[in-house]
Amino acid sequence: MKFFIDTANLEEIREANDLGVLDGVTTNPSLMAKVGVSGKENVLNHYRQICDIVDGDISAEVISTDYEGIIKEGEELAALHKNIVVKVPMIKEGIKAIKYFSDKGIRTNCTLIFSPGQALLAAKAGATYVSPFLGRLDDNSTDGTDLIGTIRLIYDNYGYDTQILAASIRHTMHIIHCAELGADVITSPLKSILGLLNHPLTDIGLAKFLEDAKKFA
Ligand code: G3P
């Protein structure tokens, strides 16, 4: 399973990359706004900086919602770097644009996926990735991990090679459940990735080993 970090924070991206297990980065307009990046040139420059840090797929989201606008913006983003994946919302115009990008060899991430039908349409259009939002489903009394399992089943039934990129990850157990269910990728805040390191028995065990090591050092 690939690990992406879900942030536009360059320090966090560097820290995750330094861990040696990072495969890519996802961003969205809210994450860009959170780090105070605004204005078209600044946003494009921020993507360039992320591409310089991480040698992996970097999702850059369009903010247009009309077909022509999505195409123009997506082509501009894709031209920034070979690792850019154009992130397109799950709307009618978005599906048409994903088909266009797919035919042109431009890779896409269809975002804001909340149902199996949306994931099926995105795969048929040729999306490279689909992003089901687990945490936001959980927030609405619906088990987000169920969606991952259903999309996995549908894609395997027909051999779609669209990758399931589980997004809106809130905690380590989301990551574990995604791995059990066969998600191709998780994109997570740094906190949940680092959370995978933790177990109190590891800390207790290491303290004991180090204490005992003093006896023969
Ligand atoms: O990048 C999309 C997704 O991961 C957003 O997560 O926490 O805003 O629901 P969240």
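Atoms within each ligand, like the ligands themselves, are counted from 1 in listed order. The analysis underlying the following values was restricted to heavy atoms, covering all of them including side chains, and did not include hydrogens, waters or symmetry mates. All values derive from a computational prediction rather than experimental measurement.
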- Task: Scan I5, V25, D23 and name whichever one has a side-chain contact (heavy atoms from CB on, under 4.5 Å) with V54.
- Result: V25
Find all protein N or O atoms under 3.5 angstrom from an N or O atom of ligand 1 and list the pairs with distances, or write 'none'.
from     : atom 1 : to   : atom 2 : distance (Å)
ligand 1 : 1 (O)  : D6   : OD1    : 2.9
ligand 1 : 1 (O)  : D6   : OD2    : 3.3
ligand 1 : 1 (O)  : N28  : ND2    : 3.1
ligand 1 : 1 (O)  : K87  : NZ     : 3.4
ligand 1 : 4 (O)  : D6   : OD2    : 2.4
ligand 1 : 4 (O)  : S168 : N      : 2.8
ligand 1 : 7 (O)  : R170 : NE     : 3.4
ligand 1 : 7 (O)  : R170 : NH2    : 3.3
ligand 1 : 8 (O)  : R136 : NH2    : 2.8
ligand 1 : 9 (O)  : R136 : NE     : 2.6
ligand 1 : 9 (O)  : S168 : OG     : 2.7
ligand 1 : 9 (O)  : R170 : NH2    : 2.7

Would you tabulate the side-chain donor-acceptor contacts of residues 79-91 under 3.5 Å, counting partners in other chains and residues two or more places apart, or write 'none'?
from : atom 1 : to  : atom 2 : distance (Å)
H81  : ND1    : N83 : N      : 3.0
N83  : ND2    : D55 : OD1    : 3.4
K87  : NZ     : T27 : O      : 2.9

- Task: Would you please classify the geometry between the H171 ring and the H174 ring as parallel, tilted or perpendicular, with 30° and 60° separating the classes?
- Result: parallel
- Message: Are there over 12 heavy-atom neighbours, none belonging to L19, within less than 6.0 Å of that residue's CG?
- Response: yes
- Message: Assess whether a salt bridge exists between D212 and K215, defined as any Lys/Arg side-chain N lying under 4.0 Å from an Asp/Glu carboxylate O.
- Response: yes
- Item | Check: K2/Y129 side-chain N/O donor and acceptor closer than 3.5 Å | yes
